[in-house]
Peer 1: 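There's a structure below that I have some questions on.
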Amino acid sequence: MSALERAGLALLRRVDPERAHGLALAALRAGLGAAPGRLTSDRLRCRVAGLDLPNPLGLAAGFDKNATALAGLARAGFGFVEVGATTPRPQPGNPQPRLFRLTEDRAAINRFGFNNEGMEAMAARLASRPRGMVLGLNLGANKDSADRAADFAQVLARCGGDLDFATVNVSSPNTERLRDLQGKEALAALLAGVMAARDGLSGPIPVFLKISPDLDEEGLRDVAEVALASGVAGVIATNTTLARDGLRSAHAGEAGGVSGQPLFDRSTRVLAHLSQLTEGRLPLIGVGGVGSAEQAYAKIRAGASAVQLYTALVYGGLALVPRIVEGLDALLARDGFGSVAEAVGTARQDWL
C-alpha cells in the first residue's frame, strides 16, 4: 500500500462511515487509488458458469450500489465486479445512521435497506460501461412492492442486456421479510419468474442466487434442491449474518447484518455444506470475511470456484486486491495446483 493510500484510509476512518464510503467512490471516479489493471496468470484464469475470469477475486455487491465508479473498478485488478442491489423504483433505504465500523472486529454492520437510484438510472450507466470487465448486477425488490418476487424479474428484464451475470438477492436481512423468499415454494416461484426474464434477453446470461449464512440445515437443503431444479448458474454463499457471536466493538448491538472477519467461519461452513449437497453440479462463489490470500484460498478449497470481498477494503484499501490475487497465485503454486479449478473443494471436509 502506498503512503498516499495509507494516509487516505486513515482520514476516511475519521469520517462517518457512510460519508467515507461516498468519498471512496468519488476518489475512484477521480482516478485515485490503486490501479494495477488486469491481474492474471495461467493458474489464476478460470471459467465459472460460462464466465471467463482473469482471476477468481471479485468485488461483492454493495460497494458501488449505483454503478457510478465502473471505470475505476475496471482498473482495480478484480476478476469480476458486482454492482447494486438495484430495485425497480428508486428508494432511500433505512434512516441514517445505518453503517457502523467494528474496528476491533475488522467488521461492519449495515442496515441500508436497498438504498439505490432505481433500475432506470442503473440501465443508463450500464449502457456505457467499460468494456473488458466482467460485470454483474445484484437484483433487489422495493420495500413497499405489492409483488416483491416480480421486482427481481423486472430489474433483470430492464438491465440484463448490458450485463455479464445477475444475482438474485433474497438474503439481505435489512428489508423486512425479504428472507421469507428463501422458503422452498416461494423461492422456486421467484426463480421461475427471473429465469423467464433471463430467457427473454437478447443473449441469456448466468443468474446466481445469493443465500443467507443463517439458514438451518433443512433450509440449506431446500435451497440446494430449488437451485438445482431452477436452472440458476450457481450460488453465492453468503450474505451478511444476524449473529453477534464474539463481537467486541461498542457497535455490536446495532441492528443489521454483520460482514467482515467474524463472518468468515460461518460463511465458509455454509459454503462447504452447500458444496457437499450440490456435489459439484453448481459452481459456488464464496463471500464473507475474505481479507487475505489465505482466506480466499480457504474458500476455494472449501468448494468455491471464485470468491468476493467488500468489507476488507474498509481496512486494507484497494491495495488489498493485488496482494490477495498474487498471494493466491503463490499458494496454488506452492501446493502443486495448476489452476484454481484443481483446488476447488479439496479441503471441504475440514469445514463439515
Side-chain angles (χ1 to χ4, degrees), residues 18 21-22 24-25 28-29 51 58-74 76 78 80-94 98-99 110-130 133-143 145 148-175 178-179 181 190-191 194 197-198 201 205-212 232-236 238-240 257 259 285 287 306 308-311 313:
E18 190 164 350
H21 183 199
L25 287 171
L28 270 172
R29 289 193 293 271
L51 300 170
L59 176 65
F63 180 82
D64 192 0
K65 289 178 177 291
N66 295 300
T68 63
L70 294 182
L73 292 173
F78 291 107
F80 60 109
V81 170
E82 185 176 344
V83 296
T86 298
T87 56
R89 291 173 284 107
Q91 64 180 20
N94 294 322
R98 54 194 179 182
L99 177 62
N110 91 80
R111 50 172 182 260
F112 282 120
F114 283 172
N115 58 308
N116 74 104
E117 296 174 7
M119 67 182 185
E120 294 301 330
M122 177 59 75
R125 293 185 182 121
L126 292 174
S128 59
R129 55 171 283 192
M133 69 187 302
V134 178
L135 181 63
L137 176 64
N138 193 279
L139 312 175
N142 282 116
K143 184 176 182 179
S145 175
R148 288 183 179 174
D151 282 8
F152 295 90
Q154 187 178 354
V155 176
L156 180 57
R158 179 66 183 92
C159 299
D162 291 301
L163 296 174
D164 298 304
F165 69 93
T167 300
V168 175
N169 184 358
V170 292
S171 52
S172 170
N174 301 317
T175 296
L178 182 71
R179 285 189 172 187
L181 293 173
L190 184 155
L191 290 177
V194 169
R198 192 282 305 263
L201 298 175
I205 59 173
V207 173
F208 294 90
L209 172 65
K210 190 168 187 175
I211 66 170
S212 165
V232 297
V235 178
I236 299 178
T238 66
N239 213 316
T240 58
S259 60
I285 296 177
V287 57
Q308 290 177 312
L309 58 72
Y310 171 5
T311 301
L313 300 178

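Computed over heavy atoms, backbone and side chain alike; hydrogens, waters and symmetry mates excluded. From a predicted model like this one, the values you see are computed outputs, not experimental measurements. Along the sequence shown, the residues carry numbers beginning at 1.
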Peer 1: Specify the closest pair of heavy atoms between Ala157 and Leu201, including all atoms of both residues, with the distance to one decimal.
Peer 2: O-CD2, 4.2 Å
Peer 1: Would you check, one step at a time, whether the test salt bridge (Lys or Arg N to Asp or Glu O under 4.0 Å) holds for Arg129 with Asp164?
Peer 2: CA-CA 11 Å; Arg129 55 171 283 192; Asp164 298 304; 2.8 Å; yes
Peer 1: Measuring only between side-chain heavy atoms, which start at C-beta, is Phe63 closer than 4.5 Å to Leu28?
Peer 2: yes
Peer 1: Taking it one step at a time, do Val170 and Leu190 satisfy side-chain contact (heavy atoms from CB on, under 4.5 Å)?
Peer 2: CA-CA 10 Å; Val170 292; Leu190 184 155; 3.7 Å; yes
Peer 1: Quick check: closest heavy atoms across Gly140 and Pro88, and the distance to 0.1 Å?
Peer 2: O-CD, 4.0 Å
Peer 1: Less than 6.0 angstrom from the centroid, inside 45 degrees of the normal: does Lys65 satisfy that with respect to the ring of Phe112?
Peer 2: yes
Peer 1: Roughly how far, to the nearest 0.5 Å, is the OG1 atom of Thr86 from the CG atom of Asn66?
Peer 2: 6.5 Å
Peer 1: Assess whether a salt bridge exists between Glu117 and Arg125, defined as any Lys/Arg side-chain N lying under 4.0 Å from an Asp/Glu carboxylate O.
Peer 2: yes
Peer 1: Would a 4.5 Å heavy-atom cut-off, applied to side chains only, mark Ser212 and Thr238 as touching?
Peer 2: no
Peer 1: Look at the side chain of Asp151 and the backbone N and O of Asn142, then say whether any donor-acceptor pair between them is shorter than 3.5 Å.
Peer 2: yes
Peer 1: Which value, rounded to the nearest 0.5 Å, describes the distance between Thr167 atom OG1 and Phe152 atom CZ?
Peer 2: 11.5 Å
Peer 1: With side-chain contact (heavy atoms from CB on, under 4.5 Å) as the criterion, how do Leu59 and Leu313 come out once you've worked through the C-alpha distance, each side chain's angles and the decisive distance to 0.1 Å?
Peer 2: CA-CA 10 Å; Leu59 176 65; Leu313 300 178; 3.7 Å; yes
Peer 1: What pair of heavy atoms forms the shortest contact from Thr240 to Gly257, and how long is it?
Peer 2: OG1-CA, 3.4 Å
Peer 1: Nearest 0.5 Å, what's the CG-CG distance between Asn169 and Asn239?
Peer 2: 5.0 Å
Peer 1: Could Arg29 and Asp64 be called an ion pair, given the rule that one side-chain N must be under 4.0 Å from one carboxylate O?
Peer 2: no
Peer 1: Report yes if some heavy atom in the side chain of Phe80 is under 4.5 Å from a heavy atom in the side chain of Gln308; otherwise report no.
Peer 2: yes
Peer 1: Is there a side-chain contact between Phe165 and Glu82, using heavy atoms and a 4.5 Å cut-off?
Peer 2: yes
Peer 1: Which atom pair, heavy atoms only, marks the closest approach of Ser259 to Thr311?
Peer 2: OG-OG1, 2.6 Å
Peer 1: With side chains defined as the heavy atoms from C-beta onward, is the minimum distance between Leu135 and Leu73 less than 4.5 Å?
Peer 2: no
Peer 1: Any non-hydrogen side-chain atom of Val134 less than 4.5 Å from a side-chain atom of Val81?
Peer 2: no
Peer 1: Quick one: are Val232 and Leu191 in side-chain contact, heavy atoms under 4.5 Å?
Peer 2: yes
Peer 1: What pair of heavy atoms forms the shortest contact from Arg98 to Pro92, and how long is it?
Peer 2: NH1-O, 2.8 Å
Peer 1: Yes or no on side-chain contact (heavy atoms from CB on, under 4.5 Å) for Met122 and Val83, after CA distance, side-chain angles and deciding distance?
Peer 2: CA-CA 9 Å; Met122 177 59 75; Val83 296; 4.0 Å; yes
Peer 1: Test your reading of the model: is there a side-chain donor-acceptor pair from Glu120 to the backbone of Arg89, 3.5 Å cut-off?
Peer 2: no
Peer 1: Quick one: pull up NZ in Lys210 and CG in Asn138 and give me the separation to the nearest 0.5 Å.
Peer 2: 6.0 Å
Peer 1: So which atom in Gly160 and which in Ile205 form the shortest heavy-atom distance, rounded to 0.1 Å?
Peer 2: O-CD1, 4.1 Å
Peer 1: To the closest 0.5 Å, what do you measure between CD (Gln91) and NZ (Lys143)?
Peer 2: 8.0 Å
Peer 1: For side-chain contact (heavy atoms from CB on, under 4.5 Å), just list the numbers for Leu209 and Ile236, CA-CA rounded to whole Å, side-chain angles, deciding distance to a tenth of an Å, and then say yes or no.
Peer 2: CA-CA 6 Å; Leu209 172 65; Ile236 299 178; over 6 Å; no
Peer 1: Verify, without hydrogens or angle tests, whether Asn116 (side chain) and Gly118 (backbone) share a donor-acceptor contact under 3.5 angstrom.
Peer 2: yes
Peer 1: Does any part of the side chain of Pro130, heavy atoms only, come nearer than 4.5 Å to the side chain of Leu70, both counted from C-beta?
Peer 2: yes
Peer 1: Is there a donor-acceptor contact under 3.5 Å from the side chain of Asn94 to the main chain of Arg111?
Peer 2: yes
Peer 1: Which value, rounded to the nearest 0.5 Å, describes the distance between Arg148 atom CZ and Gln154 atom CD?
Peer 2: 14.5 Å
Peer 1: Mind checking whether His21 and Tyr310 have parallel, tilted or perpendicular rings, split at 30° and 60°?
Peer 2: tilted
